[in-house]
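Quick notes on the structure that follows.
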Amino acid sequence: AGNEAVTESADYFRHLILDPKTKVVIGFIEGFRSIEKLLEVSRLAREYQKPLVILKIGRSETGRKAAATHTGALAGTDKLHDAFFEKHGIIRVYDFEELLETALLLTHKPLPAGTGVGALTLSGGKVGLLADLGDEEGIHYPSFSKETEDKLSRVLPTFRTITNPLDTWGMGSSADDTPICMDIVAQDPAIDLISVHMSTPNGISKALSESYAHIAKSTVEVAQKHHKPVVFINTMPIGFDPGIQSILSAGDVPLLLGSRTGLQAIRNIIRYSSFLREAPSDESSRKMEIKLGIQALLEKPVLTESESK
């Protein structure tokens with residue numbers, strides 16, 4: 001949008017939301033010119049169920065100064081932006097990796113019906129890592145039901161502790177045990193989304209590629225059978241094994257890159273889905289928001305690019 005002398009970011013957002021070919025709208029934003037236009041855009045995004053994902057700079061003093069110097073956009077109070085975005089279902093992200101992975105995940109259906117995530121991996125160490133990252137990123141791993149635990153205990157070795165996240169490495173072939181465990185976890189009523197975490201970068205051995213390809217095919221089958229969102233995350237953020245990528249793409253299962261970024265994307269779609277299930281704000285509430293000072297987001301006056309320098 002340049003320095004937004006004529007059209008501003010909200011105008012572009014509105015155009016993209018109304019475009020029937022657009023599924024998700026993303027933006028890299030320095031500041032906003034009109035709160036009224038942003039409110040209109042947020043209402044349209046909800047009406048058309050087009051997620052709006054924004055990477056907005058200006059959280060730090062240096063970032064705010066950079067925004068003002070570059071385009072004259074005054075970045076506004078960051079906490080006000082957070083409050084506004086949360087209330088109106090705008091997904092805020094904090095780097096380009098999170099922006100792209102969140103947008104990719106939002107192009108897939110269905111959205112999760114609740115907050116429960118069931119995670120599967122092939123390492124006890126990764127179970128601990130996923131637990132730590134999940135705690136930091138706001139992921140809810142509910143305990144499995146007694147019925148689920150009983151079923152899993154018949155598949156996994158007796159020394160394996162049944163937890164969520166779950167280590168599916170058994171006594172036999174992980175390619176055989178993991179799909180069974182995945183199907184069992186997907187049946188648990190507390191689980192609204194299944195995430196499968198494997199190290200599948202380009203260049204892995206042929207044996208590993210074939211083993212993970214079998215798991216990838218089973219991931220597609222579980223997604224189609226249970227009609228719950230299933231996400232495959234490559235925990236090694238250095239590209240994808242092309243065979244596995246092809247299987248998941250053909251089966252419409254999203255393949256994300258990086259453990260933390262993948263969990264951030266999952267958190268974002270869970271929050272967005274929760275927002276859609278809530279009752280929309282009424283007109284009086286929207287008028288009150290403006291009256292109570294949401295306009296402070298803009299921190300007028302707005303400078304031109306030359307004036308900012």
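Just the heavy atoms: all of them, side chains too, but no hydrogens, waters or symmetry mates, feed the values below. Bear in mind that the values here come from a model prediction, so they are computed numbers and not experimental data.
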* Transitive ILVMFWY side-chain link V24 to L276, under 4.5 Å -> yes

Item to check | Side-chain donor/acceptor of K217 to backbone N/O of I244, under 3.5 Å | outcome: no

- Should the ring pair F32 and F85 be called parallel, tilted or perpendicular, given that the plane angle runs from 0 to 90° and is split at 30 and 60? perpendicular

Side chains of L255 and L104 in contact at under 4.5 Å (non-hydrogen atoms): no

Under 3.5 Å: donor-acceptor pair, side chain of K228, backbone of A186: yes

Note: I233 and L263 closest approach over all heavy atoms is CD1-N, 4.3 Å

Per side chain to side chain donor-acceptor pair (under 3.5 Å), D82 is matched among K56, R92, K87 by R92

Looking only at heavy atoms, the pair that brings T163 and F144 closest together is O-CE1, 3.2 Å

NE2 of H226 to CD1 of I194, rounded to nearest 0.5 Å, is 7.5 Å

Check whether any side-chain N or O of D241 sits under 3.5 Å from a backbone N or O of G203 as a donor-acceptor pair, and report yes or no. no

_T121 side-chain N/O to V127 backbone N/O, donor-acceptor pair under 3.5 Å_ = no

Between Y141 and V117 the two heavy atoms that sit nearest each other are CD2-O, 3.4 Å

Quiz prompt | Sub-4.5 Å side-chain heavy-atom contact between V230 and L193 | solution = no

Start with the C-alpha gap between V53 and V25, add the side-chain angles, then the distance that decides, and say whether side-chain contact (heavy atoms from CB on, under 4.5 Å) holds.
CA-CA 6 Å; V53 189; V25 179; over 6 Å; no

Q.
Looking at N164 and L166, would you say the former's side chain and the latter's main chain have a donor-acceptor pair under 3.5 Å?
A. no

Rounding to 0.5 Å, atoms CD (E137) and OG (S259) come to a distance of 11.0 Å

On a heavy-atom basis, the closest approach of A223 and V253 is CB-CG2, 4.1 Å

Of all heavy-atom pairs linking E86 and F275, the shortest is O-CD1, 4.4 Å

Indicate yes or no: at least one non-hydrogen side-chain atom of R160 is less than 4.5 angstrom from one of W169. yes

- Hey, does L248 have a side-chain heavy atom less than 4.5 Å from the side chain of P254? no

task = Before giving the answer on side-chain contact (heavy atoms from CB on, under 4.5 Å), spell out for T200 and F232 the whole-Å C-alpha distance, their side-chain angles and the decisive distance to 0.1 Å.
result = CA-CA 10 Å; T200 57; F232 197 105; 3.9 Å; yes

E136 side chain reached by R260 side chain, heavy atoms, under 4.5 Å
yes

- Message: Would N202 and F240 count as a side-chain contact (heavy atoms from CB on, under 4.5 Å) here? Give the steps.
- Response: CA-CA 5 Å; N202 192 16; F240 303 113; over 6 Å; no

* Side-chain donor or acceptor of D183 paired with backbone N/O of V222 under 3.5 Å -> no

side-chain contact (heavy atoms from CB on, under 4.5 Å), that's the test. Do S195 and I266 meet it? Break it down for me.
CA-CA 9 Å; S195 60; I266 287 172; 3.9 Å; yes

By side chain to side chain donor-acceptor pair (under 3.5 Å), S42 pairs with (sequence neighbours left out) none

Exercise. Would you call E147-K151 a salt bridge at under 4.0 Å N-O?
Worked result: yes

In this structure, CG of D252 is separated from NZ of K109 (nearest 0.5 Å) by 11.0 Å

Quick check against the 3.5 Å criterion: does T261 have a side-chain atom that pairs as donor or acceptor with the backbone of G258? no

Return yes if some donor-acceptor pair links the side-chain N/O of T22 with the main-chain N/O of L18 below 3.5 Å, else return no.
no

Under 3.5 Å donor-acceptor, N268 side chain and Q264 backbone: yes

Contacts of D192 meeting side chain to side chain donor-acceptor pair (under 3.5 Å) (sequence neighbours excluded), chain-then-number -> none

Would you call E8 and R14 a salt bridge, using N to O less than 4.0 angstrom? no

With T102 as partner, the option from L100, L106, L105 fulfilling side-chain contact (heavy atoms from CB on, under 4.5 Å) is L106

Between A131 and P165, the two heavy atoms sitting closest are N-CG, 4.2 Å

Within one Ile-Leu-Val-Met-Phe-Trp-Tyr cluster: I215 and M236, side-chain cutoff 4.5 Å: no

So CG of L99 and CZ of F28: to nearest 0.5 Å the spacing works out to 9.5 Å

In this structure, OG of S199 is separated from NZ of K126 (nearest 0.5 Å) by 2.5 Å

The side chain to side chain donor-acceptor pair (under 3.5 Å) partners of D135 (sequence neighbours excluded) come to none

query: Can you check whether E97's main-chain N or O pairs, donor with acceptor, with E101's side chain at less than 3.5 Å?
result: no

Interatomic distance, CD1@I91 vs CZ@R267, rounded to 0.5 Å, equals 10.0 Å

**Prompt:** Hey, is D150 close enough to R154 for a salt bridge, meaning N to O under 4.0 Å?
**Reply:** no

